[in-house]
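Taking it in order: structure first as structure tokens, then the write-up.
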Amino acid sequence: MTSPEPASPWWTPSRHADRRPLLLARNRIQAGLRSWLAAEGFTEVDPAALQVSPGNEAHLHAFGADAIGNDGQPRRMYLHTSPEFAMKKLLAAGETRIHAFSHVWRNRERGALHSPEFTMLEWYRVGEPYDVLMDDCAAFLRLAAEAAGARELRFRDRTCDPSAEPERLSVAEAFSRYAGIDLLASIAPDGTTSAEALAAELARAGIRHATDDTWSDMLSRVLVEKVEPNLGMGRMTVLDRYPAAEAALARPVPSDPRLAERFEVYACGVELANGFGELTNPAEQRRRFEAEMAEKERVYGERYPIDEDFLAALAHMPPASGIAMGFDRLVMLATCAPRIDDVIWAPVG
């Protein structure tokens, strides 16, 4: 049996001719979103990609680079995994509504939905509740479909009507509905988690887990295997109120310290965006960063520095809500493209 012929390079005229309609749709979608954001009073900003810290999430992997100073000495820098730190510094400086279409880099990620370099649309609203960001996302899905001339969003055999009323459910509700798991039974009133309690819930539901899995490991497995494939089917889903242990840079829910003002947006089973009611407590944010980097070192044997300048700015940042959306993924769904490389003008080789 002979192996299939390898695909020709993306720059060959025949392949480019196939991709070009998708790329022109990408341009129309980007122009439409820019116009909408400008009408809403947003200022477009352009953060530098080279940063002291690429971000401090345990399972995000960065690209490093040595910046050589005038003295000839190297200084370790990183290509950012998100423009978040720089944009929040701009909020501390006095900006109130900002957005950026930023190229970002994430190592160890390649596949139909992943490129090591991709475009992230990130935007922030000062003094507004995080619920407003959910409405923004619904508007962006409608705009993307309209710009692409599509009546529905599609990924493989899954579809989503961008004009339908979005579904909103909490992570706990999703675990109960799609996995038969009582997630809150493993979270104490102060937000601390119990791996033993969650393991018991997984065993009762017949979901495999390893004996050395952490609480977060098990949460991730259930999300990926049981929950995510059911989200965004027929209409956009907002997966809201993540457990506080998975808050990242989100503030706690005022009425329930077990939960955080964090949500993710799904369409066609594809994660499109991750939004926060933003944490502005630098001491709590430092604690979370240090815990994430300890976990990163345990699992991967490395850690990234903490951006002290960011923590200093966080003390001056006003209450805000912010969100990051995978722009290429949105274009994929609006154009029915099967792979992210199909909607990137010059994809990574």
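None of the values given here were measured: they were computed from a predicted structure.
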Nearest heavy-atom neighbours spanning Glu246 and Leu219: CG-CD2, 3.3 Å
More than 12 heavy atoms of other groups within 6.0 Å of Arg110 CZ: yes
Main chain of Asn56, side chain of Arg288: is a donor-acceptor contact present, judged purely on distance under 3.5 Å? no
Might you point out which heavy atoms bring Pro189 and Arg258 nearest each other, and give the distance in Å? O-CG, 3.8 Å
Are any non-hydrogen side-chain atoms of Leu121 and Leu37 less than 4.5 angstrom apart? yes
Looking at CG of Leu169 and CG of Leu239, how far apart are the two atoms once the value is rounded to the nearest 0.5 Å? 5.5 Å
Taking the side chain as everything from C-beta on, heavy atoms only, tell me whether Phe85 gets closer than 4.5 Å to Asp309. no
Pairs of donor and acceptor atoms involving the side chains of residues 58-65, under 3.5 Å and at least two apart or interchain, shall be tabulated with distances.
{"from": "His59", "atom 1": "ND1", "to": "Tyr300", "atom 2": "OH", "distance (Å)": "2.9"}
{"from": "His61", "atom 1": "ND1", "to": "Lys296", "atom 2": "NZ", "distance (Å)": "3.4"}

Quick check: closest heavy atoms across Val126 and Pro318, and the distance to 0.1 Å? CG1-CG, 3.7 Å
Do any N or O atoms from the side chain of Ser194 and from the backbone of Ala197 form a donor-acceptor pair under 3.5 angstrom? yes
Looking at side-chain heavy atoms only, is the closest gap between Val265 and Met134 below 4.5 Å? no
If you group Ile, Leu, Val, Met, Phe, Trp and Tyr by side-chain heavy-atom gaps below 4.5 Å, do Met293 and Leu311 land in one group? no
Before accepting this row, confirm whether a basic side-chain N of the pair Glu284/Arg287 lies closer than 4.0 Å to the acidic partner's carboxylate O. yes
Can you name the residues that form a ring-ring contact (aromatic ring centres under 6.0 Å, His included) with Tyr242, not counting sequence neighbours? none
Electrostatic pair Arg26-Asp342, nearest N-O below 4.0 angstrom: no
When you look at Ile323 and Cys137, which way does the side chain to side chain contact (heavy atoms under 4.5 Å, CB included) test go after all the steps? CA-CA 9 Å; Ile323 186 168; Cys137 289; 3.4 Å; yes
How are the rings of Phe263 and Tyr130 set relative to one another: parallel (under 30°), tilted (30 to 60°) or perpendicular (over 60°)? tilted
With rounding to the nearest 0.5 angstrom, report the CG to OG distance, Leu223 to Ser216. 10.5 Å
CD (Glu146) with more than 12 external heavy atoms under 6.0 Å: no
Spell out, yes or no, whether Val343 and Ile29 are grouped together once hydrophobic residues are joined by side-chain heavy atoms under 4.5 Å, including indirect joins. yes
How far apart are the C-alpha atoms of Glu152 and Asp161, what are their side-chain angles, what is the distance that settles it, and do they pass the side chain to side chain contact (heavy atoms under 4.5 Å, CB included) test? CA-CA 5 Å; Glu152 62 184 10; Asp161 181 354; 5.6 Å; no
Going by the angle between their ring planes, with limits at 30° and 60°, are Trp105 and His80 parallel, tilted or perpendicular? tilted
Going by distance alone, is a donor N or O of one side chain under 3.5 Å from an acceptor N or O of the other, for Asp341 and Trp10? no
When you measure from the side chain of Arg19 to the backbone of Trp345, do you find a donor-acceptor pair of N or O atoms at a distance under 3.5 Å? yes
So, Ser102 and Glu122: side-chain donor and acceptor under 3.5 Å apart, yes or no? no
Once the angle between the rings of Phe101 and Phe327 is folded into 0 to 90°, is it parallel (under 30°), tilted (30 to 60°) or perpendicular (over 60°)? perpendicular
Taking the side chain as every heavy atom from C-beta outward, state whether Arg142 and Trp36 have any atom pair closer than 4.5 Å. no
The test is side chain to side chain contact (heavy atoms under 4.5 Å, CB included); show your working for Arg241 and Val253 and say whether it passes. CA-CA 8 Å; Arg241 298 205 169 197; Val253 171; 3.5 Å; yes
Determine yes or no for a side-chain-to-main-chain donor-acceptor pair under 3.5 angstrom, with Glu201 supplying the side chain and Asp182 the backbone. yes
Output, in order, the C-alpha distance, side-chain angles, deciding distance and verdict of salt bridge (Lys or Arg N to Asp or Glu O under 4.0 Å) for Arg221 and Asp213. CA-CA 10 Å; Arg221 175 170 291 116; Asp213 275 350; 2.6 Å; yes
When hydrophobic residues are tied together by side-chain contacts of less than 4.5 Å, even through go-betweens, does Leu279 share a cluster with Val171? no
Restricting to non-hydrogen atoms, name the atom on Ala179 and the atom on Ala205 that form the minimum distance, rounded to 0.1 Å. O-CB, 3.4 Å
Does Trp11 have more than 12 heavy atoms from other residues, nucleotides or ligands lying within 6.0 Å of its CH2? no
After noting the C-alpha distance and the side-chain angles of Leu79 and His103, does the key distance pass the side chain to side chain contact (heavy atoms under 4.5 Å, CB included) rule? CA-CA 9 Å; Leu79 293 173; His103 280 238; over 6 Å; no
When clusters are formed by joining ILVMFWY residues with side-chain heavy atoms under 4.5 Å apart, either directly or through shared neighbours, do Phe276 and Leu272 land in the same one? no
Kindly compute the distance separating CD (Glu271) from CG (Leu113), expressed to the nearest 0.5 Å. 10.0 Å
Arg303 side-chain N/O to Glu297 backbone N/O, donor-acceptor pair under 3.5 Å: no
Please determine if Glu173 and Arg168 form a salt bridge, counting it only when a charged side-chain N lies under 4.0 Å from a carboxylate O. no
Would you say Tyr178 and Val222 make side-chain contact, with heavy atoms under 4.5 Å? no
For the side chain of Thr43 and the backbone of Ile98, is there at least one donor-acceptor N/O pair under 3.5 Å apart? no
Show me the donor-acceptor pairs, under 3.5 Å and distance only, between side chains in residues 66-78 and residues at least two apart or in other chains.
{"from": "Asp66", "atom 1": "OD1", "to": "Arg76", "atom 2": "NH1", "distance (Å)": "3.3"}
{"from": "Asp71", "atom 1": "OD1", "to": "Gln73", "atom 2": "N", "distance (Å)": "2.9"}

Around Arg204, counting heavy atoms of other residues, nucleotides and ligands shown, do more than 12 lie under 6.0 Å from its CZ? yes
Check whether any side-chain heavy atom of Leu198 sits under 4.5 Å from a side-chain heavy atom of His209, and report yes or no. no
One should read off an interatomic distance between Leu90 CG and Thr96 OG1, to the nearest 0.5 angstrom, of 11.5 Å
Cationic N near anionic O, under 4.0 Å, Glu225 to Arg208: yes
Is the closest side-chain heavy-atom distance between Glu264 and Asn274 below 4.5 Å? yes
Under the side-chain contact (heavy atoms from CB on, under 4.5 Å) test against Met236, which residue among Cys268, Pro162, Pro166 passes? Pro166
Determine, for Arg125 against Asp136, whether the closest basic-nitrogen to carboxylate-oxygen distance falls under 4.0 angstrom. yes
Should Leu91 and Leu249 be regarded as members of a common hydrophobic cluster, given that ILVMFWY residues are connected when their side-chain heavy atoms come within less than 4.5 Å of each other, either directly or indirectly? yes
State whether a side-chain donor-acceptor pair under 3.5 Å links Asp217 with Thr214. yes
With a cut-off of under 6.0 Å to the ring centre and 45° to the axis, is Arg97 in cation-pi contact with Phe42? yes
Just how far is it from atom CD of Glu228 to atom CG of Asn230, taken to the nearest 0.5 Å? 10.5 Å
Charged N to carboxylate O below 4.0 Å: is that the case for Asp307 and Lys88? no
How long is the gap from OH on Tyr124 to OG on Ser321, to the nearest 0.5 Å? 10.5 Å
In the structure I gave you, are the side-chain heavy atoms of Pro243 and Leu183 within less than 4.5 Å of one another anywhere? yes
Is a side-chain donor-acceptor pair under 3.5 Å present for Glu167 with Thr237? yes
